[in-house]
Amino acid sequence: MPELPEVEIVKQSLEKSVLFQTIQEIQVRNRNLRFKVDINIKKKFNGLKITKIFRVSKYLLIKFQNNSFLLVHFGMSGTLHQVKKNIEKKNTNLSFYNNRDLPIRHNHIIIKFKKFSIIYNDPRRFGFFIPFEDEVNLKSFLKKLGPEPLTKKFNFVYLKKKLENKTGNIKNTLLDQKIVSGLGNIYVNEILNICKIDPLKTAKLLKEKDLKKIVKFTNIIIKKAINNGGSTIKNFKNILGKEGNFQDTFRAYNNDGNKCKNLNCKGVIKKNFISNRSTYFCTYCQM
DNA sequence: CCGTTAACCTGAGAGC
DNA sequence: TGCTCTCAGGTTAACG
């Protein structure tokens with residue numbers, strides 16, 4: 001599911017409800033996520049107050065009063081839901097698709113607070129929870145990530161240096177979290193379309209003006225996506241069930257057959273596959 | 001070192 | 001109605 005903007009929206013909504021709250025209990029109903037959930041997760045965080053909620057690229061991080069951390073990744077279909085106390089066993093009416101009842105069997109982790117609970121639901125189980133004893137261990141886990149959009153480190157000079165030997169195509173390169181962290185398939189498609197760059201173009205062959213455009217429009221699109229509550233394709237929602245709106249302004253993703261939205265471009269958006277990921281591009285201005 | 005591919009999962013929708 | 005097939009906001013081990 002979520003790329004940087006969606007995780008940011010979850011972070012913002014979670015912060016409003018659980019910052020400075022104390023965890024009463026964590027229930028793990030199914031440990032078999034992308035990585036097996038640490039069986040001690042309950043002991044580690046019981047009775048601890050949350051002192052900070054933040055995000056690093058696509059990771060959500062919860063910090064506790066003893067300076068330990070809980071890292072959450074949502075994979076493709078993970079969501080958090082705030083529910084009233086003691087209704088964890090009922091369907092939460094926030095489903096994977098549409099608004100049918102969400103199958104209770106995908107409620108894998110339940111974090112209980114005094115007045116409500118937060119449920120982690122993930123039908124495909126590509127997400128994961130990892131506890132960290134301290135900041136050193138957490139930073140070690142995150143150190144492989146490249147800079148995020150909207151930070152000073154993500155700039156033209158950095159990108160030029162990073163791409164100068166990249167023989168792969170620009171689309172896969174931008175999806176590589178070691179180069180830039182936080183982008184996923186939707187936003188890379190959107191960025192390359194507005195920059196008028198062929199997704200299959202070899203990364204190191206891009207002109208300087210193209211790299212400058214990538215930096216500029218990556219920041220613009222990510223900022224706009226956050227301001228629009230993220231993108232809801234199938235099941236993304238914040239913890240209160242609110243969907244995003246950015247999908248309404250997609251220019252490439254899911255737009256095959258539609259006219260290219262670039263100014264004065266007469267082209268049409270086509271769909272193909274690059275490394276098994278759907279890729280949307282204009283056959284006129286992106287070639 | 002590099003880039004590509006397959007694998008991990010479930011569910012919705014299309015086609016027959 | 002029901003079966004089979006494809007595809008989905010991600011990551012990464014294994015391979016050439």
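Lettering follows sequence order; numbering is per chain, from 1.
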Is N172(A) touching bases, backbone alone, or none of the nucleic acid, heavy atoms closer than 4.0 Å? sugar-phosphate
Test item: K237(A) side-chain N/O and E243(A) main-chain N/O as donor-acceptor pair under 3.5 Å: no
K58(A) side chain near dT11(C) phosphate (N/O to OP1/OP2, under 4.0 Å): yes
Do the side-chain N or O atoms of Q177(A) get closer than 4.0 angstrom to the phosphate oxygens (OP1, OP2) of dT11(C)? yes
Length of the line joining E164(A):CD and dC2(B):P, which is rounded to integer Å: 12 Å
Return no unless some side-chain N or O of S278(A) is found under 4.0 Å from OP1 or OP2 of dA8(C). yes
Between F126(A) and dC8(B), do the rings stack, that is, sit under 5.5 Å apart with planes less than 30° off each other? yes
Let me know the distance between CD of E6(A) and P of dA8(C), rounded to the nearest Å. 16 Å
Please give, in whole Å, the distance from dT10(B) C1' to K234(A) NZ? 12 Å
Quick one: do Q286(A) and N193(A) satisfy side-chain hydrogen bond (donor to acceptor under 3.5 Å, both in side chains)? Show the steps, please. CA-CA 7 Å; Q286(A) 287 182 265; N193(A) 173 254; 3.0 Å; yes
T167(A), nearest nucleotide to its side chain (from dG11(B), dT11(C), dC2(B)): dC2(B)
Can you tell me if the side-chain N/O atoms of R125(A) get under 4.0 Å from OP1 or OP2 in dT10(B)? yes
Integer-rounded Å distance: dT11(C) P and L183(A) CG: 10 Å
Determine whether S68(A) and E133(A) satisfy the following criterion, side-chain hydrogen bond (donor to acceptor under 3.5 Å, both in side chains), listing intermediate values before the conclusion. CA-CA 5 Å; S68(A) 64; E133(A) 300 284 336; over 6 Å; no
Tell me whether the centres of the aromatic rings in F129(A) and Y120(A) are closer together than 6.0 Å. yes
Nearest-Å distance, CG (L175(A)) to P (dT4(B))? 12 Å
Polar side chain donor-acceptor pair, N258(A) to R251(A), under 3.5 angstrom: no
Taking OP1 and OP2 of dT5(B), is either one under 4.0 Å from a side-chain nitrogen or oxygen of R277(A)? no
dC9(B) phosphate, OP1 or OP2: any side-chain N/O from H106(A) under 4.0 angstrom? no
Using a cut-off of less than 4.0 Å, is there contact between a side-chain N or O of H73(A) and OP1 or OP2 of dT11(C)? yes
For nucleotides dC7(C) and dT5(B), find the distance between their P atoms and express it as a whole number of Å. 15 Å
What integer distance in Å separates L33(A):CG from dT11(C):C1'? 14 Å
Inter- and intrachain pairs under side-chain hydrogen bond (donor to acceptor under 3.5 Å, both in side chains), touching residues 156-168 of chain A, at least two apart: K160(A)-E208(A)
Examine K112(A) relative to F116(A) and say whether NZ or CZ is less than 6.0 Å from the centre of the six-membered ring and inside a 45° cone about the ring axis. no
Please say which of N255(A), D256(A), N254(A) ends up in a side chain to side chain donor-acceptor pair (under 3.5 Å) with Y280(A). N254(A)
Atom CD1 of I186(A) and atom P of dC7(C) are separated, to the nearest Å, by 17 Å
Rounded off to whole Å, could you give me the CG-to-P distance for the N185(A) and dG10(C) pair? 6 Å
Convert the base pairs of DNA chain B into dot-bracket notation, remembering that pairs crossing earlier ones are written with [ ] and that bases paired across to another strand are shown as |; include only Watson-Crick or G-U pairs under 3.5 Å. .|||||||.|||||||
On DNA chain B, does the nearest nucleotide to N276(A) precede the nearest nucleotide to T173(A) from the 5' side, or the other way round? Give the residue. T173(A)
Distance in Å, K213(A) NZ paired with F156(A) CZ, rounded so as to fall on 0.5 Å steps: 13.5 Å
Please round to the nearest 0.5 Å and tell me the distance separating atom CD1 of I41(A) and atom CD1 of I130(A). 9.5 Å
All N/O contacts under 3.5 Å from nucleotides 12-16 of chain C to the protein, with atom names and distances to one decimal?
| residue | atom | partner | partner atom | Å |
| --- | --- | --- | --- | --- |
| dT12(C) | O4' | R34(A) | NH2 | 3.1 |

Which of V18(A), I119(A), L60(A) passes side-chain contact (heavy atoms from CB on, under 4.5 Å) with L80(A)? It is L60(A)
Counting just side-chain N and O atoms, does K166(A) come under 4.0 Å of either OP1 or OP2 of dG3(B)? yes
Once you apply a heavy-atom cut-off of 4.0 Å, does K271(A) come out as touching a base, just sugar-phosphate, or nothing? sugar-phosphate
